[in-house]
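Here is the naming used below: chain letters follow the sequence lines, and residue numbers restart at 1 for every chain. Keep in mind that the numbers below use all heavy atoms, side chains included, and drop hydrogens, waters and symmetry copies.
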Amino acid sequence: MRIERARGTRDFLPEEMWKRRTMEARMRDIAEKWGYGEIQTPSFERSELFTVKSGEGILKEMYEFRDKGGRHLALRPELTAPVIRMYVNELKMAPKPTKVYYFGNCFRYEEPQKSRYREFWQFGAEIIGSDRPEAQAEIIALAYHILESLGIHIKAELYVGHVGLIREVLRAANVEADKINGVMRLVDKGEREEVIELLRETGAKEDLIDDLISLVDLKVKVKGKDALKEAREREIIVSDSDAAKELEMLLQILDYYGVVYTLNPGIARGLDYYTGMVFEIYETGGRLGAQNQICGGGSYRLATLFGGDDTPSTGFAFGFDRLAELFPQETSDLKRGGVVAVAVVVVPIREKNADSADVVEEAIKIASRLREHIPTYIDVMSRNLSAQLSYANALNASFAVLVGKTEIKEGKVTVRNLETGEQEKIGVEECVKKITKIINHKIIL
RNA sequence: GCCGGGGUGUGGUAGCGGCAUCCCUUGGGACUGUGGAUCCCAAGACCUGGGUUCAAUUCCCAGCUCCGGCCCCA
């Protein structure tokens with residue numbers, strides 16, 4: 001019977017992998033240049049790691065199971081918790097700040113839809129040990145530059161907020177501490193009416209409610225340098241507030257980095273380990289359907305939850321698959337139709353009723369020489385000359401190198417240019433040199 | 001968990017209560033030392049299960065799955 005792929009998973013063919021590896025390489029390169037070191041954590045963890053962070057509710061959205069020893073395990077649904085767990089377990093002694101990045105697959109048991117799969121990849125970075133404005137700005141700038149290197153920043157909108165702004169208003173309104181998270185969650189979801197209702201129930205004064213709503217609604221296009229000025233004028237940033245001062249400094253540094261952003265205090269988080277800046281990046285062209293967030297990040301304190309010392313951290317994570325959908329497919333000469341297009345095919349010519357061991361031997365030697373420089377195919381189907389050339393044509397190969405009795409006798413090979421049809425008999429070394437030169441020229445083009 | 005629309009060779013399609021069409025893909029041959037064209041041969045599919053029926057790929061139901069949306073989004 002035919003075995004189907006598991007729901008919500010995908011197969012990646014060579015062409016797609018080429019694209020994904022290209023993206024990955026660029027992202028890694030930037031992270032490395034910014035001084036981040038790559039780490040990797042296990043694909044599954046003890047379930048508590050995630051329930052401690054996000055609550056029991058996430059159990060139904062995880063691939064959660066018991067192993068043969070009865071341990072509760074879960075395929076990781078995200079990478080921040082594993083990274084901080086790793087820090088607590090084995091990186092505590094590293095100099096602060098500890099800067100790490102990661103790229104890995106994650107799993108969530110959710111209904112698949114456009115840009116949402118049950119196995120997906122995240123690329124992220126964390127500064128462990130700092131949540132100062134400098135760290136916050138660096139994290140945002142790093143995310144922004146990665147996006148830029150992929151050519152996707154022009155299709156995206158970056159929103160920056162600060163959970164402290166809203167929390168301060170709520171505290172001023174004497175909202176009970178245990179209700180603040182509920183309000184934050186509603187703010188994050190954009191449920192204005194429910195926010196107002198909830199605040200009225202707690203007996204908050206109308207003018208404080210108005211303050212909060214106007215703060216949340218500041219989703220106006222106040223970008224970059226102007227954001228700071230505007231925010232001051234509108235008294236969104238009030239000088240005597242800690243959160244405001246921190247945000248002010250953050251925005252200042254973001255301008256130094258040349259990041260284009262929109263100030264949006266309505267970005268919130270309903271969990272209390274978020275301590276300061278929060279940011280999100282959305283795709284704006286509607287190409288991702290309902291799932292258009294491509295990046296999220298912020299400052300948080302998770303280490304104590306996992307048994308470590310209280311450690312401020314700042315980080316972000318990209319939804320790699322969503323970036324891949326936005327990344328322009330390069331019409332590179334290197335790949336076409338999923339196979340290597342710039343390539344050479346070595347063709348051993350077997351005579352019927354004759355021992356062709358010497359031909360095969362010579363062909364393999366030549367292929368080995370060529371493989372030091374360029375992708376090279378050699379027959380593995382005992383095909384005749386005609387069929388081998390037909391295959392070379394189907395591959396879109398550039399050259400065929402023919403080796404038969406005649407060539408061996410003359411100490412040469414026949415090099416056929418498959419695009420022009422021209423061919424000539426030359427020595428092996430000359431052939432390697434010639435093909436390498438032409439193909440390298442092609443790759444540069 | 002909910003709502004809507006789909007599942008015919010690798011892919012794209014036509015069709016219909018009885019014979020599944022074309023493009024296509026793959027292998028081989030015509031062509032025992034030269035690819036793309038042409039011709040020939042071969043192989044390749046009705047998502048799964050149940051029901052109705054003399055007969056189901058077709059109609060009905062359920063499931064699976066894909067696509068889109070809701071919820072959720074750590």
**Student:** Counting only pairs under 3.5 Å, give me each side-chain donor-acceptor contact of residues 285-296 of chain A, with atom names and distances, residues two or more places apart or in other chains.
**Tutor:**
unit_1    : atom_1 : unit_2    : atom_2 : d
Arg287(A) : NH2    : Leu326(A) : O      : 3.3
Gln291(A) : NE2    : Gln113(A) : OE1    : 3.1
Asn292(A) : ND2    : Glu283(A) : O      : 3.4
Gln293(A) : NE2    : Cys295(A) : O      : 3.0

**Student:** Is there a side-chain polar atom (N or O) of Arg416(A) under 4.0 Å from OP1 or OP2 of G35(B)?
**Tutor:**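 Indeed not, no polar side-chain atom of Arg416(A) lies that close.
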**Student:** Using whole Å, report how far CD of Glu56(A) lies from C1' of C72(B).
**Tutor:** 17 Å
**Student:** What is the distance, to the nearest angstrom, from the NZ atom on Lys60(A) to the P atom on G1(B)?
**Tutor:**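 In whole Å, G1(B) P lies 11 Å from Lys60(A) NZ.
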**Student:** Give me the distance, rounded to whole Å, that separates U48(B) from G7(B) when you measure between the C1' atoms they each carry.
**Tutor:** 12 Å
**Student:** What's the gap between U53(B) and U58(B) when it is taken at their C1' atoms, as a whole Å value?
**Tutor:**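 Between the two C1' atoms, the distance is 13 Å.
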**Student:** In whole angstrom, what separates Glu325(A)'s CD from C67(B)'s P?
**Tutor:**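 That distance rounds to 10 Å.
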**Student:** Rounded to whole Å, how long is the line connecting atom CZ of Arg116(A) with atom C1' of G1(B)?
**Tutor:**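 Answer to the nearest Å: 12 Å.
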**Student:** With the criterion being N/O to N/O and under 3.5 Å, what pairs connect the protein with nucleotides 26-31 of chain B, and how long is each?
**Tutor:**
unit_1 : atom_1 : unit_2    : atom_2 : d
G27(B) : OP1    : Arg383(A) : NH2    : 2.5

**Student:** Quick one: salt bridge (charged side-chain N to carboxylate O under 4.0 Å, His left out) partners of Lys433(A), sequence neighbours excluded?
**Tutor:**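 So Lys433(A) forms no salt bridge (charged side-chain N to carboxylate O under 4.0 Å, His left out) with any residue.
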**Student:** Please measure how far the P atom in C59(B) lies from the corresponding atom in G18(B), and state the result in whole Å.
**Tutor:**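 Roughly 11 Å separates the two P atoms.
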**Student:** Within the 3.5 Å criterion, strictly below it, is a donor on Glu48(A) or His72(A) matched to an acceptor on the partner's side chain?
**Tutor:** no
**Student:** Side chains of residues 75-88 of chain A: which donor-acceptor pairs under 3.5 Å do they make with residues two or more places apart or in other chains?
**Tutor:**
unit_1   : atom_1 : unit_2    : atom_2 : d
Arg76(A) : NE     : Asn105(A) : O      : 2.7
Arg76(A) : NH1    : Thr41(A)  : O      : 2.9
Arg76(A) : NH1    : Thr41(A)  : OG1    : 3.3
Arg76(A) : NH1    : Pro42(A)  : O      : 3.2
Arg76(A) : NH2    : Asn105(A) : O      : 3.1
Arg76(A) : NH2    : Asn105(A) : OD1    : 3.0
Glu78(A) : OE1    : Lys53(A)  : NZ     : 3.3
Glu78(A) : OE1    : Thr80(A)  : N      : 3.1
Glu78(A) : OE2    : Lys53(A)  : NZ     : 3.0
Arg85(A) : NE     : Asn89(A)  : OD1    : 3.0
Arg85(A) : NH1    : Glu45(A)  : OE1    : 2.8
Arg85(A) : NH1    : Glu45(A)  : OE2    : 2.5

**Student:** Output the rounded distance in Å from CG (Asn393(A)) to P (U38(B)).
**Tutor:**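 Between P of U38(B) and CG of Asn393(A): 13 Å.
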**Student:** With distance as the sole criterion, do the side chain of Glu407(A) and the base of G33(B) form a donor-acceptor contact below 3.5 Å?
**Tutor:**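 Present.
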**Student:** For C71(B) and Lys189(A) - does any side-chain N or O of the residue sit under 4.0 Å from the phosphate oxygens OP1/OP2?
**Tutor:**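 The answer is no; no side-chain N or O of Lys189(A) sits under 4.0 Å from OP1 or OP2.
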**Student:** Please state the C1' separation for the pair A42(B) and C64(B) - nearest whole angstrom.
**Tutor:** 34 Å
**Student:** To the nearest Å, how far apart are Gln113(A) CD and C66(B) P?
**Tutor:**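 Going from Gln113(A) (CD) to C66(B) (P), I get 13 Å.
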**Student:** Aromatic ring centroids of Phe318(A) and Phe316(A) under 6.0 Å?
**Tutor:**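 Yes, the ring of Phe318(A) comes within the 6.0 Å limit of the ring of Phe316(A), centre to centre.
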**Student:** Take atom CZ of Arg185(A) and atom C1' of C72(B), then tell me their distance rounded to the nearest Å.
**Tutor:**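 For the pair Arg185(A) CZ and C72(B) C1', the rounded distance is 12 Å.
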**Student:** So what does Gly57(A) touch, heavy atoms closer than 4.0 Å: a base, only the sugar-phosphate, or nothing?
**Tutor:**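 Gly57(A): no heavy atom of the nucleic acid under 4.0 Å.
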**Student:** Which nucleotide, G35(B), U34(B), A74(B), lies nearest any side-chain atom of Ser390(A)?
**Tutor:**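 Shortest atom-to-atom distance from the side chain points to G35(B).
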**Student:** Heavy atoms, side chains only, cut-off 4.5 Å: are Tyr391(A) and Asn393(A) in contact?
**Tutor:** no
**Student:** With a 4.0 Å heavy-atom cut-off, tell me which residues in residues 289-300 of chain A come close to RNA chain B, sorted by residue number.
**Tutor:** Gly289(A), Ala290(A), Gln291(A)
**Student:** Taking the P atom in each of C46(B) and A56(B), what is the distance between them to the nearest angstrom?
**Tutor:** 16 Å
**Student:** If the P atom of G36(B) is compared with that of G28(B), how far apart are they to the nearest Å?
**Tutor:**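 Their P atoms lie roughly 14 Å apart.
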**Student:** In whole angstroms, how far is the C1' atom of U34(B) from the CG atom of Leu389(A)?
**Tutor:** 5 Å
**Student:** Considering only atom C1', compute the distance from G63(B) to G6(B) and round it to an integer number of Å.
**Tutor:**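 So the two C1' atoms sit 16 Å from each other.
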**Student:** Can you see whether Ser299(A) engages Thr314(A) through a side-chain donor-acceptor pair at a distance of less than 3.5 angstrom?
**Tutor:**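 Looking only at side-chain atoms, Thr314(A) and Ser299(A) do form a donor-acceptor pair, the distance falling under 3.5 Å.
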**Student:** Evaluate the side-chain proximity of Met23(A) to Phe123(A): yes if any heavy-atom separation is below 4.5 Å, no if none is.
**Tutor:** no
**Student:** Quiz question: going by heavy-atom distance under 3.5 Å, is there a donor-acceptor pair between the base of U34(B) and the side chain of Gln388(A)?
**Tutor:**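 Counting by modelled atom types and ignoring angles, no donor-acceptor contact under 3.5 Å is found here.
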**Student:** Suppose you measure atom C1' in G4(B) against the same atom in C19(B); what distance do you get, rounded to whole Å?
**Tutor:**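 Result for the C1' pair: 36 Å, nearest Å.
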**Student:** Is there, by distance only and without an angle test, a donor paired with an acceptor across the side chain of Arg5(A) and the base of C66(B) below 3.5 Å?
**Tutor:**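 Side chain to base: no pair present.
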**Student:** With a 6.0 Å cut-off on the ring centroids, do Phe12(A) and Trp18(A) count as close?
**Tutor:** no
**Student:** So, is Lys53(A) close to the A74(B) phosphate, meaning a side-chain N or O under 4.0 Å from OP1 or OP2?
**Tutor:** no
**Student:** Can you find a donor-acceptor pair, distance only, under 3.5 Å between Arg269(A) side chain and A74(B) base?
**Tutor:** no
**Student:** Would Glu280(A) and Tyr282(A) count as having a side-chain donor-acceptor pair, cut-off 3.5 Å?
**Tutor:** yes
**Student:** Kindly list each side-chain donor-acceptor pair under 3.5 angstrom involving residues 184-198 of chain A, sequence neighbours excluded, with atom names and distances?
**Tutor:**
unit_1    : atom_1 : unit_2    : atom_2 : d
Arg185(A) : NH2    : Gly270(A) : O      : 3.2
Arg192(A) : NH1    : Asp217(A) : OD2    : 2.5

